[in-house]
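Presented below is the structure to which this report refers.
Here the structure is a predicted model, which is why all the values come from computation and not from measurement. Computation of the quantities below employed the complete heavy-atom set of this structure, encompassing side-chain atoms and omitting hydrogens, waters and symmetry-equivalent molecules. Labels below follow one simple rule: chain letters A, B, ... track the order of the sequence lines, proteins then strands, and each chain is numbered from 1.
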Amino acid sequence: MADKKYSILKQFHLPTLEASILNDWKVENTFEKSVANRNGKPAFVFYEGPPSANGMPGIHHVISRTLKDMVCRYKTMQGFQVNRKAGWDTHGLPIELGVEKELGITKEDIGVKITVEEYNQKCREAVVRFKDKWDDITEKMGYWVDLNDPYVTYKNDYIETLWWCLKELHKKDYLYKSVSIQPYSPAAGTGLSSHELNQPGCYKDVKDTSATVLFKMSENDCQQILSSINCALAIDEIYLMAWTTTPWTLPSNLGLTVGPNINYVLVKTYNPYTHKLQYVILAELLLAKYFKDEAENADFEAYTAESKVIPYSVLGMFKGSELEGIRYEQLLPFESNQASLSGGDPFRVICGDFVTTEDGTGIVHTAPAFGADDYKVGQKNNLGIITLVDREGKFIEGTGEYSGRYVKNYKDEKNYQDVNVDIAIELKKRGQAFKVEKYEHSYPHCWRTDKPIIYYPLDAWFIRTTAVKERMVELNKTINWKPKATGEGRFGNWLENMVDWNLSRSRFWGTPLPVWRTEDGTEEICCGSIAEIKSMLHEDSPEKELKDVHKPYIDQVILKSPSGQKMYREPDLIDVWFDSGAMPYAQWHFPFEASSTDPQQRSLPKDFPADFIAEGVDQTRGWFYTLHALAVLLFDSVAYKTVVANGFVLDKFGNKMSKRLGNVVDPFETIHTYGADATRWYLVTNASPWDSLKFDLKGIEEAQRKLFNTLYNTYTFFALYANVDQFTFEETYIPIPQRNEMDRWIISSLHTLIGTVQTHMDDYEPTKAGRAIDEFVDQHLSNWYVRLCRRRFWKGEYETDKIAAYQTLYECLETLCKLIAPFAPFFSDWLYKNLNAISQRETQTSVHLCDFPLVIIDDIDHDLEQRMGLAQDACSLLLSLRKKSTIKVRQPLQKAIIPLIDPSMEVKIRSVEDIIKNELNIKDIEFIAADNDLIKKKIKANFKTLGSRMGAKMKAVAHEISLMTSAQIAELEKQESFVFEMDGESVTILLSDVEITSDDIPGLLVASKGSLTVALDINLTPALIEEGLARELVNKIQKIRKDSNFELTDRISVLIEDYEMLKNPLNNFYSYICTEILADSLSFSPEMQDGTEIEVNDHKLKVFITKTN
RNA sequence: UGGCUCGUAGCUCAGUUGGUUAGAGCGCUACACUGAUAAUGUAGAGGUCCCCAGUUCAAAUCUGGGCGGGCCAACCA
């Protein structure tokens, strides 16, 4: 028993300590145990958002994983069982692009230079390229997640569940095929994803031929418009003005869209190209774009072809809604764009909310084939669709002179004649162009061919998410979003504006769409399992085994329809977001693995929904959305109850981290240098997780110093003396009420802290929890409790008070271990193990197997905490007075004086009097009553209570109050109210309407904070000076002891060189000095050879110390 | 361009329902303390609370409009 010692490190180095703890966890299977020892306990369900191991982990991964880990560890300690299944996202464009770059090929080469089979094999290898790195960072940062049995999105089982989901959707008629307008590169012959479009450099400023063109209104509608504005003129031709930057879309025009609430005007003017009189309609607000102010109502007669100013006059005005339904003549009719081919009722004016008066004419040329908005509004208004451009980007046959011409120079023809220009010229000649000019704007280009993209109708498969929009909105309101605004704002708005989910991707490495169709399209099946596919195989199917469900094998599967026809797979792959969104089901291979005995298990996957997920805000419309959408579509449920959306990690200047800027932070290096715990602590306490974080390594250093060094120092202080006294917590537990004021105070604060931490953690506010711990460790434990209690640990016998001190400090350290365990899993475990190894108080071998501390209400004493706060304030004030007086703390002073503004203050301060006296080295504290003449009082209005009552008079009243004399203040205090005259009115104020503080005590040094005022008597008596000298001597000798590396317990004998000033102090304080410095003898010597020189009162003298034991 | 979010000391951040001297830590300077000592205390310097307007007796705080950073979605006629 006697040789049991708390271990103290030679050097405190967090990364080294972490390595040893990491080893413990491996050897002891701590993670597995922490889950297993909660068997039978309620589950806390967590989903891991799958990262892609195709890239290196960055520091931003460390922040979200810290968050996840912290919550899971906390919930585990709260008694829940928290399974943490890892996952890998393995499909998708970035992986394909990576492989293509590596092999130096493009998409066109796939199937030519490399088979799809080989290509997919490369992708399969690439997705786990950095898996080792990921596993490494996961381990080193202390992220506990089960890496042994992860879900992997490319595995057959995983994909089979995705198919099951798709079939369910298909059954509910939520899966359908339709055209959609998508970015398309005619040069590359491929559709582009938004991701590709967002590659840097894709948007370029280009000059295009823009044209404001005139659509001729039908004669009937013409008359109707004229009569609606009471226009008596005989006008038989009115033109609707519309603007386009892509004249090649004009032959495909099927409608004109106006804003229902926008004002439009009918204008009489001349056509600038034909110079003929013309009547046109455009938005009132855009008149200035086409006409000069001075041209309004100018002389029409004087106009000639040479005139610079074209006169115009407004004949009438109407709302866009009044134009709705007006018909117009087709602008560029050909055989291939006849109305009957559109499938709708084209060439009408329709209304659309997206119309603005920012530019153009306020009337939008609408070609449903070549714009997403156009398509949407066209569908809504039954315009039909006409696509006069083929997939190579050229006009189809049957478009007259334009047939076969490319709409942009896709083939790099040397003598390319811009078809847009030709169309504009044609319209000018016909008097149906009003303005043709070059227009500069930014336009997306294909990142591979550098050619402009076009928007083009492509076949695609959709999920009808809009069918459950209301339900998604409703269920979203039940989700606990952190921060709340992300759920209500960003996510809520997104849901409100939801469109159907476009699932299709024309790629190679991804989950195949399990839909087969007969060639005539009459029969269609969506397969929900591999078994189902196998049961429907056509005897001619080249592929029957399906060992790998990816392309190209899946495309070789031919099914047999119920009527016996061959069915071929739709070639699409599905959006990777579907992969991750279906992860709650697919990670368990639901429903294929569900036990058949449990009906509950068969209808709902296990661990569904999640209690908690966390990822970056960028996932709001990504993973958070797809999880939510699928859960609602499939199970009419939320997928997660709480979601934390963390912000981004920026560099220390607030710039985005990017490889290009070279400001990325290497998480491996950071953790290696500073330790995972310091890094985690910094990430959590520096800013709320959802605020963006300016990452600065200095902040980690600070966390290391501030929290971990302080805690470690506190521990070594404890260990140092506990080892001397052999404290092992074997003595009977001293009940808290029997401990002294300081002990009860720190225990009370500790339990208040437990409550605070728990509240914040339950509310997913780890930043607040961490900051509360920071403050406790620094302000309360280290700089107050330990500092003030030091003597109790190294003075006196090993009896009750000392044991109480040990027990108290031990409890604080042990509890803190548990509180910080979720944040700093390594250090907390190290400290816990060190403490517990000696005390054997608990049976757990790791802090992570412990329960979270409970708040013991009885140990909390708010009064005491308040009193101690008063003591801390008083000390701080008195120290500042000492500083002013330049009398060092070692010099005792006679007394401090505290005026009592509030009578209850005396009792409070009396109870902490000893603490203040010790801390300040003063003999006494004296109180002077409030009515004492010595105190000069200061009065100030209490704006909060008075403001609401006084209103506009507030300022004047406050001024009056500040002018009150001492006598008036005394009267107010006595009567508890006071009346004064102001502008002939009497105003009554109550005691609660003012704040009275003491201002000054004549003849004394005074300082105050809030209602507390203190004064210090700095008169020195000879006795005080003697004592000061005695203390000075003690201090110097202690320093020598320390410098000579004496043991704490070594006893000494001391010889001091003669010095008159020290004679009295030495005699009068002989025993005091000896006790302090553990001296057996202490005497003067007239002359000394050896010894250490010290300085007392600016006098140099020698001291000689020898060990006596 | 739209939605969301952030903007307070040189840096990182607090700042309750609006209440009058706007705080803390780090960093800097000076002094002090010292058997926890790469710690600590006290003091000093350091502010257009992003800007403008409004509401109010009173605005860092509420409202409107800008500006700047970030994320997401677009980039259109």
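- Going from the C1' atom of A9(B) to that of U1(B) covers 36 Å, rounded to whole Å.
- Using a cutoff of 4.0 Å between basic side-chain nitrogens and carboxylate oxygens, Glu775(A) and Arg771(A) are not scored as salt-bridged.
- Residue-level contact check: Glu702(A) touches the backbone only, with heavy atoms under 4.0 Å from sugar-phosphate atoms and none from bases.
- Taking atom CG on Leu781(A) and atom C1' on U40(B), their separation rounds to 14 Å, with Å as the unit.
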Expected string for nucleotides 56-61 of chain B under the B/S/- scheme (protein heavy atoms, under 4.0 Å, primed atoms plus P, OP1, OP2 as sugar-phosphate) is -B----
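- Within a 6.0 Å radius of NZ in Lys376(A), no more than 12 heavy atoms belonging to other residues, nucleotides or ligands are found.
- When distances run from any side-chain atom of Ala485(A) to the nucleotides U5(B), U34(B), G3(B), the shortest one goes to U5(B).
- In this entry G41(B) has C31(B) as its Watson-Crick or G-U wobble partner, both defining distances falling under 3.5 Å.
- The side chain of Tyr455(A) lies closest to C76(B), out of C76(B), A77(B), G27(B).
- The side chain to side chain donor-acceptor pair (under 3.5 Å) search around Ser252(A) returns none, not counting sequence neighbours.
- Rounded to whole Å, the P atom of U40(B) lies 7 Å from the corresponding atom of C26(B).
- Side-chain contact, Asn686(A) with Trp681(A): no donor N or O sits under 3.5 Å from an acceptor N or O.
- Put simply, CG on Leu697(A) is 16 Å from P on G27(B), counting in whole angstrom units.
- In the set C76(B), U12(B), C6(B), C76(B) carries the atom at the smallest distance from any side-chain atom of Asp373(A).
- You won't find any donor-acceptor pair under 3.5 Å spanning the side chain of Thr361(A) and the base of A77(B), going by distance alone.
- Proximity of residues 706-719 of chain A to RNA chain B (heavy atom under 4.0 angstrom from any strand atom) is restricted to Lys706(A), Asn713(A), Thr714(A), Phe717(A).
- If you check U34(B), A36(B), C76(B) against the side chain of Pro444(A), the one that comes closest is C76(B).
- Side chain to side chain, Thr257(A) and Thr366(A) meet the donor-acceptor criterion of an N or O pair below 3.5 Å.
- Residue Tyr721(A) places at least one side-chain N or O closer than 4.0 Å to OP1 or OP2 of A36(B).
- Salt-bridge formation is not detected for the pair Arg1031(A)/Glu1076(A): no Lys NZ or Arg NE/NH1/NH2 atom is positioned less than 4.0 Å from an Asp or Glu carboxylate oxygen.
- In this structure, U21(B) forms no base pair with any nucleotide, since neither Watson-Crick nor G-U wobble geometry is met with both distances under 3.5 Å.
- With 3.5 Å as the limit, one finds no donor-acceptor pair spanning the side chains of Tyr625(A) and Thr620(A).
- The CZ atom of Phe624(A) sits 13 Å away from the C1' atom of C72(B) (whole-angstrom rounding).
- Atom C1' of nucleotide A39(B) and atom CD of Gln704(A) are separated by 14 Å, given to the nearest angstrom.
- With sequence neighbours excluded, the residues forming a side chain to side chain donor-acceptor pair (under 3.5 Å) with Tyr785(A) are Asp743(A), listed by chain and number.
- Nearest heavy atom pair, residue Asn502(A) against residue Gln182(A), reads ND2-NE2, 3.4 Å.
- Nucleotides C50(B) and U61(B), compared at atom C1', are 15 Å apart to the nearest Å.
- Nucleotide C71(B) holds its P atom 12 Å from the NE2 atom of His60(A), rounded to whole Å.
- For Asn783(A), the side chain to side chain donor-acceptor pair (under 3.5 Å) partners at least two apart in sequence or on another chain are Asp778(A).
- Remark: the Tyr328(A) side chain and the Asn253(A) side chain contain an N/O donor-acceptor pair separated by less than 3.5 Å.
- Taking atom P on both G3(B) and U17(B), the two are 26 Å apart, rounded to the nearest angstrom.
- In this structure, C71(B) forms a base pair with G3(B), meeting either the Watson-Crick or the G-U wobble geometry with both donor-acceptor distances under 3.5 Å.
- Nucleotides A60(B) and G18(B) have their P atoms positioned 13 Å apart, rounded to a whole Å.
- Of the residues listed (Leu250(A), Leu331(A), Val436(A)), the one engaging Ile423(A) in a side chain to side chain contact (heavy atoms under 4.5 Å, CB included) is Leu250(A), and it is the only one.
- No side-chain donor-acceptor contact under 3.5 Å links Tyr6(A) to the backbone of Thr716(A).
- Shown for residues 783-791 of chain A: residues whose heavy atoms fall under 4.0 angstrom of RNA chain B, namely Asn783(A), Val786(A), Arg787(A), Arg790(A).
- C6(B) and A14(B): their P atoms are spaced 10 Å apart (whole Å).
- Minimum atom distance to the side chain of Asp696(A) is reached by C11(B), of the listed U40(B), U34(B), C11(B).
- Base pairing annotation: A9(B) forms no Watson-Crick or G-U wobble pair, as no partner gives both donor-acceptor distances under 3.5 Å.
- Asn942(A) comes within contact range of no nucleotide atom at all, as no heavy-atom separation falls under 4.0 Å.
- Across the C1' atoms, G65(B) and C28(B) are found 40 Å apart, a figure rounded to whole Å.
- Note that the CD1 atom of Ile363(A) and the CZ atom of Phe215(A) stand 9.5 Å from one another [nearest 0.5 Å].
- Along RNA chain B, the nucleotide nearest Asn493(A) and the nucleotide nearest Gln1038(A) are compared for position; the residue whose nucleotide lies closer to the 5' end is Asn493(A).
- If you check U34(B), G3(B), G27(B) against the side chain of Arg890(A), the one that comes closest is U34(B).
- If you measure from atom NZ of Lys1039(A) to atom P of C33(B), you get 12 Å, rounded to the nearest angstrom.
- Between the CD1 atom of Ile453(A) and the P atom of A74(B) there is a distance of 12 Å, given to the nearest Å.
- The interatomic distance linking Tyr625(A) (OH) with C71(B) (C1') rounds to 19 Å, in whole Å.
- To the nearest whole angstrom, the two P atoms, one in G27(B) and one in U63(B), are 38 Å apart.
- For Lys944(A) and U17(B), a side-chain-to-base donor-acceptor distance below 3.5 Å is present, hydrogens and geometry of angles not being considered.
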